[in-house]
Amino acid sequence: MATLLHDAVMNPAEVVKQRMQMYNSPHRSALSCVWTVWRTEGVGAFYRSYTTQLTMNIPFQSIHFITYEFLQEQVNPHRGYNPQSHIISGGLAGALAAAPSTPLDVCKTLLNTQENMALNLANISGRLSGMANAFRMVYQLNGLPGYFKGMQARVIYQMPSTAISWSVYEFFKYFLTKHKLENRTPY
């Protein structure tokens, strides 16, 4: 449920970010990008990749959490507050979840950006929609290796991101639990 809500809010932001990152992007600000996309493509453009995003995030989060918990059992079996174990487990969990979900990320980016060069190479006029169409187009343009373009960058991005997230989560869990225990009144 958290992933459904997260992606419903963040998918439009991802569309704007990716459109502004494109080479020779016509958008000079996030707000102008929002208005241009809204006017020219409609609200649906912000959710064109929503099912692909969900299809990517559900296995990503599953692999991520299972791997983190498994690694914590190995390196921190007493489950005490141990920043080093949280950083290592979090970083490795993010890396292991990022790699197999890269093909979905490639397709999501294609749906979000509607890259003109890619659409022209595939003789597509108009807009590309749907995960199945994105998968076909990536394969048509680049074969199997196309699904893994940017995998190394994705893994390198996710490692510190998930390491920081887990270490901050574990710190606040420890801090709040410790604070709660210290302020408990004896019976």
Side-chain angles (χ1 to χ4, degrees), residues 1-65 90-91 93-165:
M1 189 54 125
T3 299
L4 287 172
L5 284 171
H6 172 271
D7 290 352
V9 172
M10 295 307 296
N11 210 80
E14 183 77 3
V15 170
V16 172
K17 176 187 73 87
Q18 288 179 337
R19 297 244 179 151
M20 292 188 70
Q21 289 175 335
M22 289 173 53
Y23 174 74
N24 217 11
S25 173
H27 309 291
R28 298 295 166 234
S29 73
L31 194 54
S32 77
C33 181
V34 168
W35 289 122
T36 301
V37 171
W38 186 291
R39 252 189 354 265
T40 59
E41 300 176 51
V43 72
F46 295 106
Y47 290 96
R48 192 176 286 130
S49 66
Y50 183 65
T51 55
T52 307
Q53 181 79 26
L54 285 175
T55 305
M56 176 181 69
N57 279 344
I58 290 171
F60 175 89
Q61 294 297 350
S62 299
I63 294 167
H64 177 200
F65 279 95
L96 289 172
S101 58
T102 297
L104 291 158
D105 194 41
V106 169
C107 292
K108 176 195 72 159
T109 301
L110 180 59
L111 288 168
N112 283 346
T113 60
Q114 298 291 310
E115 290 183 82
N116 288 331
M117 185 180 293
L119 295 175
N120 290 339
L121 285 172
N123 293 322
I124 294 176
S125 59
R127 305 268 176 233
L128 180 67
S129 64
M131 183 170 39
N133 289 332
F135 266 94
R136 276 192 292 277
M137 185 165 165
V138 169
Y139 185 79
Q140 178 184 343
L141 294 173
N142 296 303
L144 285 176
Y147 295 117
F148 297 95
K149 283 190 169 193
M151 183 173 74
Q152 185 178 22
R154 180 169 160 74
V155 167
I156 290 169
Y157 171 85
Q158 288 296 337
M159 284 181 75
S161 174
T162 53
I164 291 166
S165 292

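Not measured: the values here are computed from a predicted model. When reading the values below, keep in mind they use all heavy atoms of this one structure, side chains included, and skip hydrogens, waters and symmetry mates.
The structure places CD of Q53 at 9.0 Å from CE of M10, a figure rounded to the nearest 0.5 Å. Going from atom CZ of F148 over to atom CG of N142 covers 12.5 Å, rounded to the nearest 0.5 Å. Here the straight-line distance linking atom OG1 of T52 with atom CG of L110 works out to 9.5 Å at 0.5 Å rounding. Note that the CG atom of L111 and the CG atom of N11 stand 9.5 Å from one another [nearest 0.5 Å]. Y50 contributes atom OH, which lies 10.5 Å from atom OG1 of T55 (distance to the nearest 0.5 angstrom). The distance from atom CG of L104 to atom OG of S49, rounded to the nearest 0.5 Å, is 11.0 Å.
For K17, the salt bridge (charged side-chain N to carboxylate O under 4.0 Å, His left out) criterion is met by E14, not counting sequence neighbours.
Not one N or O on the side chain of S25 forms a donor-acceptor pair closer than 3.5 Å with the backbone of M22. A donor-acceptor contact shorter than 3.5 Å links the side chain of R19 to the backbone of N112.
For C33 against H27, the heavy-atom pair with the smallest separation is CA-ND1, 3.4 Å. The nearest pair of heavy atoms linking F60 to S101 is CD1-OG, 3.7 Å. When all heavy atoms are compared, the tightest approach of V106 to G146 is CG1-O, 3.6 Å. For the residue pair W38 and V43, the shortest heavy atom distance occurs at CZ3-CG2, 4.0 Å. Contact between A93 and H64 at its shortest, heavy atoms only, is CB-O, 3.4 Å. Across T162 and G91, no two heavy atoms sit closer than the pair OG1-CA, 3.8 Å.
Between Q18 and T109, the side chains place a donor N or O and an acceptor N or O closer than 3.5 Å (distance only, hydrogens not considered).
Within the 4.5 Å cutoff, the side chain of T36 has no heavy atoms near those of the P26 side chain. Side-chain atoms of V16 and F46, non-hydrogen and from C-beta on, do get closer than 4.5 Å to each other. Between T3 and H6, every side-chain heavy-atom pair lies at or beyond the 4.5 Å cut-off.
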- [ ] Please lay out, stage by stage, how Q114 and L128 fare under the test side chain to side chain contact (heavy atoms under 4.5 Å, CB included).
- [x] CA-CA 7 Å; Q114 298 291 310; L128 180 67; 3.6 Å; yes

Open item on the list: Please determine whether side chain to side chain contact (heavy atoms under 4.5 Å, CB included) holds for the pair M56 and C107, giving the CA-CA distance in whole Å, both sets of side-chain angles, and the decisive distance to 0.1 Å.
Closed with: CA-CA 10 Å; M56 176 181 69; C107 292; over 6 Å; no

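Taking the six-membered ring for Trp and thresholds of 30 and 60 degrees, Y147 and F135 have ring planes inclined between 30 and 60 degrees apart.
The environment of Q140 atom CD is dense: over 12 non-hydrogen atoms of other residues, nucleotides or ligands sit within 6.0 angstrom.
The salt bridge (charged side-chain N to carboxylate O under 4.0 Å, His left out) analysis of residues 120-148, with sequence neighbours excluded, yields the pairs E41-R127.
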